[in-house]
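Both counts, for ligands and for their atoms, begin at 1 and track the order of listing. No experiment lies behind these values; they were computed from the predicted model shown.
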Amino acid sequence: MNLILLGPPGAGKGTQAKKIAVKFDLPHISTGDMFRETAQSGSELGKQLQGYMSAGKLVPDDVVIAVVRQRLSSDDAKKGFLLDGFPRTLAQAQALDKALAGDGKKIDGVISLTVDADEVVRRLSSRRVCVACGASYNLISNPAKKEDVCDACGGKVIQRADDNAATIRNRLEVYREQTSPLIEYYSSAGVVREIDGMQPVEEVFKKICAVIK
Ligand code: ADP
Ligand code: ADP
Ligand code: ZN
């Protein structure tokens with residue numbers, strides 16, 4: 001089963017992806033998580049990635065595509081995968097289709113999570129994340145039991161540098177212009193299922209599970 005989770009920043013992709021990955025035993029592949037990890041390493045590439053991310057700009061397609069191709073070629077992705085935050089442009093989607101076709105594979109489902117712009121701003125400005133395991137918390141809807149400490153792994157919980165008002169606006173604009181056309185792209189293949197992401201986490205998860213089954 002090869003799946004994509006699509007939706008604007010703050011739609012709940014990461015939150016749902018972690019639950020789907022456990023339930024359906026699929027590797028959760030998040031390009032954002034991979035880029036943040038590389039950025040932390042402080043390498044030259046890491047510094048470049050950090051520059052794009054802090055501005056709320058997309059990392060160039062050739063870099064993203066190379067990273068994802070490499071990740072998809074590892075053993076655990078042979079049985080299927082769940083992509084979160086990729087593809088984000090038409091060029092990425094086309095490159096993905098081409099790479100999969102070369103292995104006789106395809107995308108089986110695209111779960112499109114919808115939330116309105118006001119909710120995106122609310123969620124992202126109150127989002128907190130664990131630097132160690134990537135768990136996503138929210139000051140309003142899902143606070144960590146002990147502030148600054150991850151419930152799951154004890155790691156440090158922080159606010160992402162790109163979760164500020166100005167960058168959030170950029171990311172929403174980038175989503176509207178570059179990523180939302182992918183819904184149409186995958187619709188023509190008949191694999192898109194739209195899910196209302198405005199409901200509570202468990203409600204959204206139930207609907208996603210029903211669609212996957
Ligand atoms: P969010 O969870 O808020 O949607 P992500 O963690 O997926 O954000 O991504 C954070 C940042 O990493 C993006 O703003 C962008 O700079 C970069 N990024 C992640 N995935 C991609 C991608 N597929 N293409 C280009 N840039 C990406
Ligand atoms: P994305 O990966 O799409 O950017 P996240 O999963 O990181 O989104 O969620 C963004 C923020 O919204 C986080 O603080 C998360 O705890 C919160 N959140 C996720 N899903 C919901 C939901 N259904 N209702 C309310 N808040 C949510
Ligand atoms: Zn953690």
Worksheet item: With the 4.5 Å side-chain cut-off for hydrophobic clustering, are Leu124 and Tyr52 part of the same group?
Response: no
Discussion item. Can you confirm whether more than 12 heavy atoms, excluding those of Glu147, are under 6.0 Å from its CD atom?
Written reply: no
Worksheet item: Under a strict 4.0 Å criterion on non-hydrogen atoms, which protein residues are in contact with ligand 1?
Response: Pro9, Lys13, Thr31, Gly32, Phe35, Arg36, Met53, Lys57, Leu58, Val59, Val64, Gly85, Phe86, Arg88, Gln92, Arg127, Arg160, Arg171
Worksheet item: Backbone N or O of Arg88 within a donor-acceptor pair of the Thr179 side chain at under 3.5 Å?
Response: yes
Worksheet entry | Check: Arg128 N/O within less than 3.5 Å of ligand 2 N/O | no
Fill in: Connected hydrophobic set around Ile20, excluding itself, where side chains approach under 4.5 Å
Met1, Leu3, Leu5, Phe24, Leu26, Leu82, Ile111, Leu113, Ile195, Val204, Phe205, Ile208, Val211, Ile212
Discussion item. Can you tell whether the side chains of Lys106 and Asp108 come within less than 4.0 Å, N to carboxylate O?
Written reply: yes
Practice prompt. Run the numbers for me: atoms of ligand 2, each under 4.0 Å from some heavy atom of Val201, listed by number.
Written response: 20 (N), 21 (C), 22 (C), 23 (N)
Worksheet item: If only atom types and distance count, is the side chain of Lys156 paired as donor or acceptor with the main-chain N or O of Val149 below 3.5 Å?
Response: no
Fill in: Sphere of radius 2.8 Å around the Zn ion (ligand 3) - protein N, O or S atoms inside
Cys130 SG, Cys133 SG, Cys150 SG, Cys153 SG
Worksheet item: Between Asp163 and Arg171, does at least one N-O distance fall below 4.0 Å, as a salt bridge requires?
Response: yes
Fill in: Under 3.5 Å donor-acceptor, Arg123 side chain and Gly10 backbone
yes
Practice prompt. Report, in ascending order of atom number, the atoms of ligand 2 lying under 4.0 Å from any heavy atom of Tyr137.
Written response: 13 (C), 14 (O), 16 (O)
Worksheet item: Transitively linked via ILVMFWY side-chain contacts under 4.5 Å: Tyr137 with Val129?
Response: no
Practice prompt. Measure from the side-chain N and O atoms of Glu202 to the backbone N and O of Lys206, and report whether any donor-acceptor pair falls under 3.5 Å.
Written response: no
Worksheet entry | Pair Asp84 + Lys18: basic N to acidic O under 4.0 Å | no
Response to the item:
The answer for which part of Gln199 has a heavy atom under 4.0 Å from ligand 2 is backbone
Item to complete: Give yes or no for whether the N/O distance cutoff of 3.5 Å, strictly under, is met between Ser141 and ligand 2.
Response: yes
Worksheet item: Which residues, ordered by chain and number, are linked to Val174 in its hydrophobic cluster, where ILVMFWY side chains connect at heavy-atom gaps below 4.5 Å, directly or through other members?
Response: Leu58
